[in-house]
Amino acid sequence: QAQLAESGGGLVQAGDSLRLSCAASGRTFSNSVMGWFRQAPGKEREFVAAISWNGGRTVYADSVKGRFTISRDNAKSTLYLQMNSLKPEDTAVYYCAADTRRSGVLIARESGEYAYWGQGTQVTVSS
């Protein structure tokens with residue numbers, strides 16, 4: 001059974017950094033686009049970043065561009081999100097997801113295009 005498991009969340013102060021990890025098991029996602037989404041209390045889940053199968057192409061939400069970096073290590077079946085200069089508005093549950101229908105020529109920002117999801121990890125940024 002395919003599983004995605006996020007880790008690395010926590011409580012930090014504004015301006016701090018965190019690195020989230022997402023470990024895949026049960027099947028390979030090395031040929032798939034993978035992404036990060038987040039959901040703040042009372043808000044809809046929103047796209048954060050995504051990466052092509054080989055890491056050669058990345059896309060970001062405008063709100064995190066220049067502060068967050070998505071990467072992957074297919075040998076370790078792990079997806080990462082390096083988050084720098086965190087702001088209180090970054091507070092949310094962060095989810096990793098896999099779009100097994102795409103490898104990276106096209107990268108979707110819509111959550112409905114991603115078939116596999118992790119359980120999420122809480123990131124809280126205090127001011």
Which atom pair, heavy atoms only, marks the closest approach of [X] to [Y]?
X   : Y    : result
V48 : V64  : O-CG2, 3.6 Å
R72 : S52  : NH1-O, 2.9 Å
Y60 : I70  : OH-N, 2.9 Å
R57 : G104 : NH1-O, 3.3 Å
S17 : N84  : OG-OD1, 2.9 Å
W53 : N31  : CB-C, 3.6 Å

Return the set of residues passing side chain to side chain donor-acceptor pair (under 3.5 Å) with E46 (not counting sequence neighbours), or none when no residue passes.
R38
Return the [atom1] to [atom2] distance between [X] and [Y], rounded to the nearest 0.5 Å.
X    : Y    : atom1 : atom2 : value
L81  : C22  : CG    : SG    : 10.5 Å
Q119 : S7   : CD    : OG    : 13.5 Å
M34  : T78  : CE    : OG1   : 9.0 Å
D16  : S85  : CG    : OG    : 9.5 Å
K87  : S127 : NZ    : OG    : 13.5 Å

Are W36 and F47 close enough that their ring centres sit under 6.0 Å apart?
no
Within a strict 4.5 Å, meaning less than it, do heavy atoms of the [X] and [Y] side chains meet?
X    : Y    : value
R27  : T100 : yes
E6   : L20  : no
T124 : V12  : no
N74  : F29  : no
D90  : R67  : yes
Y94  : Q122 : no
L86  : L18  : yes

Are [X] and [Y] grouped together when hydrophobic residues (ILVMFWY) are joined by side-chain heavy atoms under 4.5 angstrom apart?
X   : Y    : result
V93 : Y114 : yes
F37 : I51  : no
Y80 : F68  : no

Lys/Arg N to Asp/Glu carboxylate O, D62 vs K65, below 4.0 Å:
yes
Output, in order, the C-alpha distance, side-chain angles, deciding distance and verdict of side chain to side chain contact (heavy atoms under 4.5 Å, CB included) for D99 and S32.
CA-CA 6 Å; D99 176 3; S32 303; 5.9 Å; no
Output, in order, the C-alpha distance, side-chain angles, deciding distance and verdict of side chain to side chain contact (heavy atoms under 4.5 Å, CB included) for V59 and R109.
CA-CA 9 Å; V59 293; R109 296 172 179 252; 4.0 Å; yes
Within 45° of the ring axis of Y95 and under 6.0 Å from its six-membered ring centre, is that where the NZ or CZ of R45 lies?
yes
